[in-house]
Amino acid sequence: MKTRSAEPEGAPGATKPLGAGFYVRPVLDVAADLIGCTVVHGTTAGVIVETEAYHQQEPACHAYVGLTPRTSTLFGAPGVAYVYRSYGIHALLNAVCEPEGVGAAVLIRALRPLEGVELMRERRGGAGRGAERELCSGPGRLTQALGIELTENGSSLESGPVLIMPREGPAPQIVSSARIGITKAAELPWRFSVAGEENVSKPWPRRGEQPRGLRRGRPSRSG
DNA sequence: CATGGGATTGACT
DNA sequence: GTCAATCCCATGC
């Protein structure tokens, strides 16, 4: 049973998933604001502790090549899941952002396990027998732990099957750093994570790195 | 139709 | 530190 919020709509005590209005904003804002929110899939759930922003005007973004069958989800409605296969092995989960027609998304890179830890361990197999912080500390790991697959590409993050619930309580302290695992536009500090959090992917952001508010390199909305 | 490149992970030296 | 696994899709002929 959850504590009752001041939310005027919906059933008392019920928390509604984030709607399109949350995602239609600039992708850097959404990437930072998703920290502390919760991803739910079936009986498993985790708190978002690491994200990365991607925008069509920088070459690391899949949408940089323009509208193709692959990128159609990215250019589509905000608040939708963009799930694609990485390195032939892993499914990576993104939240589509900005208005329809703009290719932008937030990559969910790490979660703090919240519910269904036992099922997460089963799905992660041998790799799930280690420390709990290794269950969801990486974009490929968390989709495996939550059972998210390519079939969820294009599905609504408000109506499911993958849901993102709003943050409960105060905003955590957030640090920004360079994105990981890319060769193009690698200098942009568009990675966001919870300060001091251990459930994030390596390399860990250095302590004392840009405590938010970084606006250098922000994509112009006119482009 | 053939080819090449990943927004990664886990195993191994 | 190095390296292979494995699939979707963009690109070029």
Side-chain angles (χ1 to χ4, degrees), chain A residues 23 26-28 30-32 34-35 39 46 48-76 78 80-98 102-111 113 120-155 157 162 164 175-193 198-205 217-219:
Chain A
Y23 300 97
V27 67
L28 286 183
V30 179
L34 275 175
I35 300 292
V39 178
I48 299 173
V49 295
E50 183 185 359
T51 62
E52 279 177 4
Y54 288 86
H55 190 279
Q56 67 178 85
Q57 82 167 36
E58 46 88 14
C61 183
H62 292 168
Y64 185 71
V65 300
L67 181 61
T68 66
R70 182 191 201 193
T71 62
S72 62
T73 306
L74 276 173
F75 283 97
V80 162
Y82 168 53
V83 186
Y84 72 98
R85 183 153 322 281
S86 173
Y87 289 92
I89 302 174
H90 308 286
L92 268 54
L93 171 67
N94 300 250
V96 176
C97 297
E98 308 219 4
V102 178
V106 173
L107 170 67
I108 311 298
R109 281 197 62 90
L111 306 175
M120 290 183 186
R121 289 194 185 281
E122 288 177 23
R123 285 172 174 154
R124 293 268 296 136
R129 272 180 260 136
E132 184 170 313
R133 78 173 71 87
E134 293 183 0
L135 286 177
C136 299
S137 55
R141 290 174 171 180
L142 72 90
T143 53
Q144 185 183 23
L146 268 62
I148 295 170
E149 318 234 351
L150 294 199
T151 53
E152 268 98 6
N153 182 43
S155 66
L157 294 170
V162 181
I164 301 186
V175 297
S176 66
S177 52
R179 294 179 295 184
I180 297 176
I182 56 174
T183 56
K184 305 170 221 165
E187 75 285 356
L188 296 178
W190 288 6
R191 177 194 188 201
F192 300 89
S193 55
E198 293 209 331
N199 290 270
V200 300
S201 52
K202 292 180 182 177
W204 290 356
R218 164 190 284 279

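Atoms considered below: every heavy atom in the structure, side chains included; atoms not considered: hydrogens, waters and symmetry mates. Lettering of chains follows the sequences in order, A, B, ..., and the numbering in each one begins at 1.
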For Ala53(A), all residues meeting side chain to side chain contact (heavy atoms under 4.5 Å, CB included), sequence neighbours excluded: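 Counting only residues at least two positions away or on another chain, Ala53(A) forms a side chain to side chain contact (heavy atoms under 4.5 Å, CB included) with Val27(A), Leu28(A), Ala31(A), Trp190(A).
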Contact state string [nucleotides 2-13 of chain B, B base, S sugar-phosphate only, - no protein heavy atom under 4.0 Å]: ----BBBSS---
Distance-minimising heavy-atom pair for Ala95(A) and Leu157(A):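 What the structure gives for the nearest pair is CB-CD1, 3.6 Å.
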Minimum heavy-atom distance between Pro113(A) and Met120(A), given as atom pair plus value: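 Heavy atoms only, the tightest pair is CB-SD, 4.1 Å.
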Residues Glu52(A), Arg179(A): salt bridge by 4.0 Å N-O rule: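 Not counted as a salt bridge, because no side-chain N and carboxylate O are separated by less than 4.0 Å.
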Note: Arg191(A)-Glu50(A) ion pair, threshold 4.0 Å (strictly below):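 Counted as a salt bridge, because a side-chain N and a carboxylate O are separated by less than 4.0 Å.
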Where DNA chain C forms stems, i.e. three or more consecutive Watson-Crick or G-U pairs with both distances under 3.5 Å: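 Stem list for DNA chain C: B:1-6 with C:7-12, B:8-12 with C:1-5.
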Modelled atom types, side-chain donor and acceptor of Gln144(A) and Arg124(A), under 3.5 Å: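 Their side chains do contain a donor-acceptor pair, which is all the 3.5 Å distance test asks for.
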Side chain to side chain contact (heavy atoms under 4.5 Å, CB included) between Glu98(A) and His55(A), worked out: CA-CA 9 Å; Glu98(A) 308 219 4; His55(A) 190 279; 3.6 Å; yes
Intermediate values then yes/no, side chain to side chain contact (heavy atoms under 4.5 Å, CB included), Leu146(A) and Leu111(A): CA-CA 10 Å; Leu146(A) 268 62; Leu111(A) 306 175; 3.9 Å; yes
Nearest-angstrom distance from the residue atom CG of Asn153(A) to P of dC7(C):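 Value for this atom pair: 18 Å.
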